[in-house]
Amino acid sequence: MDYQGVLEEIARDVAPLIGSGEPAAYIPALADVDPKRFGMAVADLDGNVYGVGDWRTPFSAQSITKVFTLALVLAHGGDSVWEHVGREPSGNPFNSLVQLEYENGIPRNPFINAGALVVTDRLQTWTGDASSELLEFLRRESGNPELAFNAEVAGSESEHGDRNAALAHFMASYGNIANPVPALLDHYFWQCSIETSCADLALAARFLARHGLLADGSRLLTRSEAKQVNAVMLTCGTYDAAGEFAYRVGLPGKSGVGGGIVAVVPGQCTLCVWSPGLDERGNSVAGVAALDRFTTLTGLSVF
Ligand code: GLU
């Protein structure tokens, strides 16, 4: 497969869309990003990485980190995480509170904020330092020891974090959070603030295309767990637009408000695209279009 040629064709095709949509504005530190950025990378199973545009420029990974936290929790505790969080699409915005009350403090899935808070809480219990565990994992699997938290973004999230605090306290009242809420929120905000490039994330996500095997050949997840993470990405990974994303792209994907999207072709490759302009559901406009083009041009999809 000529990934480089495909990426260059995609960059030409989506050029008119770059700059469409709006960068996330709810955290001031994210609102200043240049909306005209676009990058895309593909990593194959052997760790060769191909890219176009701003594919080596770091951006705020945000909710994309939720995939990696879930994988680490599954690796530590197996199925026990599913006692604390469901795996159904929510049909509600990513930071919604209402559903939690109807469902007794058990969030619908690990990729809405409430669910991610529960998963980070599990990782904190397993490791004692959830955000560092995640950062180390991403450094190792991307082969980039320079990956770091962004203190300004984490601080900004914390200052504007009343909604996440409400979600965490609410779940704690149902006994679904084990650690002190302020410490949990800190780990969650640090986790969201990690800066990575398309190349870093495509490489770090490779275990999902390699049926659970890490870069060094050791196993993080069983084949079945890797399938589970991919399945939850497909059904819940792109906010309240997962149906539309599956329809257009046909791959497991996870987006973040920083404008990045990671996608997986099991058994073949991983992709990451970044462009900060978001549609009204919170997904990168040019990013979704680029992944849509990728599956059209290559015929690679899970369907
Ligand atoms: N840090 C963000 C929040 O919790 C994550 C948002 C996202 O990328 O979906 O609000």
Side-chain angles (χ1 to χ4, degrees), residues 21-33 58-70 85 89-97 99-100 107-121 123-124 130-131 134-135 138 149-171 177 181-196 198 201 205 232-233 236-242 245 253-263 272-285 287-288:
E22 293 293 327
Y26 76 105
I27 310 169
L30 288 182
D32 296 339
V33 181
F59 63 90
S60 195
Q62 292 292 322
S63 280
I64 296 173
T65 56
K66 293 170 181 169
V67 172
F68 299 95
T69 320
L70 175 63
V85 62
S90 75
N92 277 309
F94 71 104
N95 57 3
S96 167
L97 266 160
Q99 204 162 39
L100 263 186
R108 271 286 170 108
N109 69 66
F111 296 150
I112 52 175
N113 281 16
L117 285 160
V118 166
V119 175
T120 301
D121 181 60
L123 189 59
Q124 180 64 11
S131 49
L134 173 66
L135 181 63
L138 292 174
F149 301 117
N150 179 322
E152 190 200 343
V153 171
S156 187
E157 300 235 24
S158 180
E159 262 171 54
H160 298 83
D162 291 325
R163 174 69 66 120
N164 284 318
L167 291 168
H169 282 292
F170 193 63
M171 291 188 292
I177 294 290
V181 167
L184 166 61
L185 289 169
D186 280 347
H187 282 284
Y188 175 77
F189 294 137
W190 284 113
Q191 162 184 327
C192 289
S193 84
I194 294 176
E195 303 251 317
T196 53
C198 292
L201 283 175
V232 179
M233 284 170 76
C236 312
T238 40
Y239 306 114
D240 198 14
F245 185 85
K254 180 75 202 88
S255 52
V257 293
I261 310 175
V262 161
C272 181
V273 60
W274 171 57
S275 196
L278 307 179
D279 61 22
E280 64 292 343
R281 302 289 215 4
N283 297 309
S284 167
V285 175
V288 175

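All ligand and atom numbering here is 1-based and tracks the order in the structure. Scope of the values below: all heavy atoms of this structure, side chains included, with no hydrogens, waters or symmetry mates.
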Quick one: does Tyr26 get a heavy atom under 4.0 Å from ligand 1?
-> yes
So, do Phe59 and Cys198 sit near enough that their side-chain heavy atoms are less than 4.5 Å apart?
-> yes
Please report the closest heavy-atom contact between Arg108 and Pro89, naming both atoms and the distance.
-> NH1-O, 3.1 Å
Contacting atoms of ligand 1, where contact means under 4.0 angstrom from a heavy atom of Glu157 = 1 (N), 2 (C), 3 (C)
Go through the side-chain N and O atoms of Gln191 and Thr120 and say whether any donor and acceptor fall under 3.5 Å apart.
-> yes
Which atoms from ligand 1 have a heavy atom of Ser63 less than 4.0 Å away?
-> 5 (C), 6 (C), 7 (C), 8 (O), 9 (O)
Under 4.0 Å from any heavy atom of Tyr239, which atoms of ligand 1 are there?
-> 7 (C), 8 (O), 9 (O)
Taking atom 5 (C) of ligand 1 as the point of reference, which of Gln191, His160, Lys254, Gln62 owns the nearest heavy atom?
-> Gln62
Is it the side chain, the backbone, both or neither of Asn113 that has a heavy atom closer than 4.0 Å to ligand 1?
-> side chain
Spell out, as yes or no, whether a donor-acceptor pair under 3.5 Å connects the side chain of Tyr239 to the backbone of Val257.
-> yes
Taking non-hydrogen atoms only, is Phe189 closer than 4.0 angstrom to ligand 1 via side chain, backbone, both or neither?
-> neither
Given side chains that start at C-beta, do those of Val33 and Trp274 come closer than 4.5 Å, heavy atoms only?
-> yes
Taking every non-hydrogen atom, the tightest pair across Ile64 and Gly256 | CG1-N, 3.8 Å
Do ligand 1 and Gly256 have nitrogen or oxygen atoms that lie under 3.5 Å from each other?
-> no
Any idea which heavy atoms bring Gly161 and Phe189 closest together, and the distance?
-> CA-CZ, 3.9 Å
Work out which heavy atom in Pro58 is nearest to a heavy atom in Glu195; give both atom names and the distance.
-> CB-OE1, 4.0 Å
Can you check whether Lys66 has an N/O within less than 3.5 Å of an N/O in ligand 1?
-> no
For Tyr188, counting its heavy atoms only, list the atoms of ligand 1 lying under 4.0 Å from any of them.
-> 3 (C), 4 (O), 5 (C)
Polar contact flag for Asn164 and ligand 1 (N/O pairs, less than 3.5 Å) = yes
